[in-house]
Engineer: 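Before I ask anything, let me first share the structure, which is written out below as structure tokens.
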Amino acid sequence: MRLFSEKVHLIIRNIPRGRVATYREVARAIGRPRAARAVGNALNRNPYSSKRVPCHRVVRSDGLVGGYAKGVKAKIKMLEEEGIEIRRGGVNLNKFGFKF
DNA sequence: CTAATGACCATTA
DNA sequence: ATAATGGCCATTA
């Protein structure tokens with residue numbers, strides 16, 4: 001629990017199936033409220049499996065899906081398989097957002 | 001040490 | 001509504 005990226009991964013493990021968190025919220029949860037961009041970078045090089053670190057459940061603060069190392073298509077597919085609805089490239093955070 | 005690079009964000013045009 | 005802009009920050013070259 002030393003590197004920034006490690007904190008990010010640990011936090012994200014708590015996001016349950018069928019829910020999402022935003023890059024911004026993750027940044028806030030680790031005490032670096034303005035490091036949302038750095039969070040995305042950490043996930044981009046995420047070395048873990050999607051099982052242990054479900055980084056596909058992290059979206060942008062405006063609800064849009066955001067990026068994914070393996071392609072946005074794959075990200076959307078995984079989210080939908082968990083029951084999360086994607087409309088116009090985004091999710092309803094009031095409905096599927098997870099509060100830490 | 002400096003510069004560049006983004007899975008970001010909010011504002012402005 | 002879309003596009004550009006400036007700011008942000010950990011990591012890497």
Side-chain angles (χ1 to χ4, degrees):
Chain A
M1 190 13 164
R2 189 151 297 285
L3 287 62
F4 176 83
S5 59
E6 291 176 359
K7 295 181 189 174
V8 171
H9 296 147
L10 289 178
I11 281 293
I12 287 175
R13 292 184 60 183
N14 299 325
I15 308 174
R17 244 180 101 91
R19 325 226 74 205
V20 299
T22 72
Y23 294 100
R24 186 127 174 254
E25 291 169 335
V26 172
R28 195 156 56 90
I30 58 180
R32 302 316 302 265
R34 288 168 290 178
R37 193 168 193 174
V39 168
N41 276 311
L43 293 184
N44 187 27
R45 316 182 194 102
N46 160 33
Y48 307 106
S49 72
S50 179
K51 277 278 187 191
R52 290 183 52 73
V53 181
C55 57
H56 63 284
R57 301 197 185 120
V58 185
V59 302
R60 296 179 12 172
S61 63
D62 58 6
L64 293 181
V65 171
Y68 193 64
K70 297 176 189 169
V72 181
K73 290 271 302 193
K75 185 172 183 177
I76 292 176
K77 190 170 184 175
M78 297 177 79
L79 292 173
E80 288 178 331
E81 285 175 350
E82 298 184 2
I84 297 172
E85 303 171 22
I86 310 292
R87 300 256 158 110
R88 277 168 270 148
V91 311
N92 184 334
L93 294 178
N94 293 319
K95 192 170 180 181
F96 300 103
F98 171 68
K99 303 294 287 178
F100 286 110

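Since this is a predicted model, take the numbers as computed values, not measurements. Protein chains get the first letters and strands the later ones, always in sequence-line order, with residue 1 at the start of each.
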Engineer: Determine whether a donor-acceptor pair (N or O, by modelled atom type, separation under 3.5 Å) exists between the side chain of K7(A) and the backbone of R2(A).
Structural biologist: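 A pair under 3.5 Å: no.
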Engineer: Got a sec? Which of residues 57-74 of chain A come in under 4.0 Å of DNA chain B, heavy atoms?
Structural biologist: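 The stretch gives R60(A), S61(A), G67(A), Y68(A), A69(A) as the residues lying under 4.0 Å from the strand, ordered by number.
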Engineer: Would you say R24(A) places a side-chain N or O within less than 4.0 Å of OP1 or OP2 belonging to dA10(B)?
Structural biologist: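 For dA10(B), OP1 or OP2 has a side-chain N or O of R24(A) closer than 4.0 Å.
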Engineer: How many angstroms lie between atom CG of L10(A) and atom CZ of R52(A), to the nearest 0.5 angstrom?
Structural biologist: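 Here the rounded value is 9.0 Å.
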Engineer: Would you mind pulling out the nucleotide paired to dT11(C), Watson-Crick or G-U wobble, both distances under 3.5 Å?
Structural biologist: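 Across any shown strand, dT11(C) pairs with dA4(B).
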Engineer: Would you call R19(A) and E82(A) a salt bridge, taking side-chain N to carboxylate O under 4.0 Å as the test?
Structural biologist: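 So R19(A) does not pair with E82(A) through a salt bridge.
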Engineer: Grab the two heavy atoms, one from V39(A) and one from V26(A), that are nearest each other, plus how far apart they are.
Structural biologist: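 It is CG1-CG1, 3.9 Å.
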Engineer: Of all the heavy-atom pairs spanning R57(A) and L79(A), show the shortest one and how long it is.
Structural biologist: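 Here R57(A) and L79(A) meet closest at CA-CD2, 4.2 Å.
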Engineer: How close do L93(A) and S61(A) get, counting heavy atoms only, and between which atoms?
Structural biologist: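 Taking L93(A) first and S61(A) second, the nearest heavy atoms are CD1-O, 3.5 Å.
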Engineer: With a 4.0 Å cut-off on heavy atoms, is Y23(A) in touch with a base, just the backbone sugar-phosphate, or nothing at all?
Structural biologist: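 Here Y23(A) touches the bases of the nucleic acid.
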Engineer: Report yes if some heavy atom in the side chain of V58(A) is under 4.5 Å from a heavy atom in the side chain of T22(A); otherwise report no.
Structural biologist: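 Of all side-chain heavy-atom pairs linking T22(A) with V58(A), none is under 4.5 Å.
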Engineer: I'd like to know if L64(A) and I86(A) are part of one continuous hydrophobic network [Ile/Leu/Val/Met/Phe/Trp/Tyr, side-chain heavy atoms within less than 4.5 Å].
Structural biologist: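 I86(A) does not cluster with L64(A).
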Engineer: Please write out each protein N/O paired with an N/O of nucleotides 2-6 of chain B under 3.5 Å, distance rounded to 0.1 Å.
Structural biologist:
residue	atom	partner	partner atom	Å
dG6(B)	N7	R37(A)	NH2	3.0
dG6(B)	N2	N41(A)	ND2	2.3
dG6(B)	N3	N41(A)	ND2	2.6

Engineer: Mind calculating the distance between CG (L93(A)) and C1' (dC9(B)) to the nearest angstrom?
Structural biologist: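 Distance, rounded to whole Å: 14 Å.
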Engineer: K70(A) vs H56(A), test: side-chain contact (heavy atoms from CB on, under 4.5 Å). Steps then yes/no.
Structural biologist: CA-CA 10 Å; K70(A) 297 176 189 169; H56(A) 63 284; over 6 Å; no
Engineer: Which nucleotide span of DNA chain C, 5' end to 3' end, has atoms closer than 4.0 Å to non-hydrogen atoms of chain A?
Structural biologist: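 In short, chain A contacts DNA chain C from dG7(C) to dT11(C).
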Engineer: Answer whether the closest heavy-atom distance between the side chains of E25(A) and F98(A) falls below 4.5 Å.
Structural biologist: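 Not touching, per the 4.5 Å side-chain cut-off.
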